[in-house]
Amino acid sequence: MVTTMTNCKNCRSHLPDLLLDDAYATTHPEYKEHLEACASCRAELAELRSTFALLDEWKAPDISPYFDSRLQARLREAAAAPPEGFWERTRSFLLFSTGRQLRPALAGALAFAMILGGGSAFVGLHDFNPQQPQTSATVNDLKLMDNNVQAEQQLNQLLDDSSSADDAAVPTT
Ligand SMILES: [Zn+2]
């Protein structure tokens, strides 16, 4: 009984190998033997197999044809943008840095700012919405086209879904 238990555990840890590598069963006949003898391991392998078959059927949504050009445009803009000012850099450092060693300093700075009067004058730290980056007309246009493509895809998907649902509902006579 103990050997069967260990065999099952062993066998199950190698099920992915058996599933993905056709030659594995021939090079490791002990698992093949065990699978022939053990119904529960066989069922487990069958389940894995059907899951993988389902994954093969699943089609990932197409990537937007405008993705690359939009990314390139954004990169060009970021490269061409003027460097951020000292306060802007300090502010983003304080807002986004998660460094442990900085926290006491940040707490001290905040306390100091509060003493100064509400802290509202402290480099705009009260404003926790970082400025939206400026986007050019090119990027906006590409974004619009991207949205159109996405809407079209979703519409097609909806139409597909509803038509297949209709097919299922209509009784075959
Ligand atoms: Zn087993």
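Since the model is a prediction, treat every value here as computed from it, not as a measurement. Counting convention: from 1, in listed order, for ligands and their atoms alike. Throughout, numbering of the chain's residues begins at 1 and tracks the sequence.
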Side chain to side chain, R12 and S40, heavy atoms closer than 4.5 Å
yes

With rounding to 10 degrees, C8 SG, the Zn ion (ligand 1) and C41 SG define an angle of 110°

With a cut-off of 2.8 Å, does C11 put an N/O/S atom close enough to the Zn ion (ligand 1)?
no

Close side-chain approach of D21 and T27, heavy atoms under 4.5 Å:
no

E30 versus C11: any side-chain heavy-atom pair under 4.5 Å?
no

Among the N/O/S atoms of H34, the Zn ion (ligand 1) lies closest to NE2

Return each pair, listed once, that meets side chain to side chain donor-acceptor pair (under 3.5 Å) where at least one residue sits in residues 49-73; pairs must be two or more places apart or across chains.
S64-D146, R70-D146

